[in-house]
Amino acid sequence: MKRYHILMLALVAAVTMAASTMASVAYRNTTELTPKAQTLKPVSKAEEPIPEPFIEVVQNSSQRTQASEFSQFRQRLVGAVQRADTEFVQAIVMPQTQWSYGGTVNLDSYNINNNQSKFWSYMTKAVNQGCGIDSQAQVPDKEPGASVWVCPDIMPVKQSIRPDRPNFGHLAVIGQNVNVRAEPGMGGRIIGSVSNDYVAFDSGRYNTLPAGAAEKMQADPLGGWTPVRLRDGQQGWILNQYVYDEENDYRVSFVRSRGQWRLRYFLRGNGN
């Protein structure tokens, strides 16, 4: 009987250990399959993070390599523009670089040796909002198989146009969850947000501003404010660096030519 009791105790212990092991494995499997809860970062007082350059879906390793190379170039360009690095800009200019539709403007017109030149803020606004591939561009001097890039990329905004959501204004808001404030200024109360969509310019509110105030806000491409009217009728203000006026703001294009990235054009508006 004593030996029988010992065997029974050993059997119970073995079963208990097996059950415990199975439960432990089941728990680990459950926790590994359950997605971890995301920790949401607090909203910054800055308007929005600068988006990464938009890259079209690429189909092969060669296209992925080109996209990566352009992204690296864009990062260097952003740094050069922040430093007002004239040598960097001069090195990417070509004789064919287009500066205006009528041919009356060139790089010297912008006086880039002055670090207060508006050229730097215009270029910053264009390239900071991301870039996309211009698949329709015909560039004779580009390297075989190279892509042509244009900044800013407003295709995500154009995709918002539908029969029930037409483009009723000329202002494209580029970015995700761009703040709309009740008053112009970083301290203004946030009343909503816009993500890659068109908004209407609020001319009525613009015209009620004190003399000189409106022009001053509109003249600053990055730190100024634009009065807008949203689709639901709300009136507010959006920081200029996220508002793109296709008829007046600058757009730039880059192409790989003769072993390096070159500035294809630096143009204001759409030529109309």
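None of the values given here were measured: they were computed from a predicted structure.
Between Arg264 and Thr97, every side-chain heavy-atom pair lies at or beyond the 4.5 Å cut-off. Here the side chains of Gln260 and Phe73 are not in contact, with every heavy-atom distance at 4.5 Å or above.
Checking side-chain atoms of Asp197 against main-chain N and O of Ala172 turns up no donor-acceptor pair under 3.5 Å. In this structure, Thr124 contributes its side chain and Trp120 its backbone to a donor-acceptor pair below 3.5 Å. Side chain of Arg251 to main chain of Arg268: no donor-acceptor pair is present (N/O by atom type, distance under 3.5 Å, no hydrogens or angles). Here the side chain of Asn196 pairs a donor or acceptor atom with the backbone of Gly175 at under 3.5 angstrom. Remark: side-chain polar atoms of Arg256 are paired, donor with acceptor, to backbone N or O of Gly259 under 3.5 angstrom. Not one N or O on the side chain of Asp108 forms a donor-acceptor pair closer than 3.5 Å with the backbone of Asn111. Under a 3.5 Å cut-off, the side chain of Thr86 and the backbone N or O of Asn113 do not form any donor-acceptor pair. Put simply, the side chain of Tyr101 gets close to the backbone of Gly269: a donor and an acceptor are under 3.5 Å apart. Panel note: side chain Lys118, backbone Ala219; a donor-acceptor pair is recorded below 3.5 Å. Using modelled atom types, one side-chain atom of Arg181 and one backbone atom of Met186 make a donor-acceptor pair closer than 3.5 Å.
Of the listed residues (Leu267, Thr104, Leu263), just one forms a side chain to side chain contact (heavy atoms under 4.5 Å, CB included) with Trp99, and that residue is Leu263.
Side-chain atoms of Ser109 and Asn106 include a donor-acceptor pair closer than 3.5 Å. In this model, a donor atom of one side chain and an acceptor atom of the other lie less than 3.5 Å apart for Asp232 and Gln234.
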> Would Glu215 and Tyr206 satisfy side-chain hydrogen bond (donor to acceptor under 3.5 Å, both in side chains), going step by step from the backbone distance to the final call?
Replying inline: CA-CA 9 Å; Glu215 291 81 0; Tyr206 180 84; 4.7 Å; no

>> Asp141 vs Gln96, test: side-chain hydrogen bond (donor to acceptor under 3.5 Å, both in side chains). Steps then yes/no.
In response: CA-CA 9 Å; Asp141 293 334; Gln96 301 89 347; 3.2 Å; yes

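Aromatic ring centres of Trp149 and Phe70: separated by under 6.0 Å.
Ring-plane geometry between Phe266 and Tyr110 is classed as perpendicular, the angle between the planes exceeding 60 degrees on a 0 to 90 degree scale with a lower cut at 30.
Atom OH of Tyr198 sits about 5.0 Å away from atom CG of Asn167, to the nearest 0.5 Å.
Pro227 and Phe201 get closest at one heavy-atom pair: O-CD1, 3.6 Å.
Hydrophobic clustering, with ILVMFWY side chains joined whenever heavy atoms are under 4.5 angstrom apart, keeps Met94 apart from Ile92.
Looking at residues two or more places apart in sequence or on another chain, you find a side chain to side chain donor-acceptor pair (under 3.5 Å) between Asn248 and Asp245.
Residue Gln138 qualifies as open at atom CD: its count of foreign heavy atoms under 6.0 Å is 12 or below.
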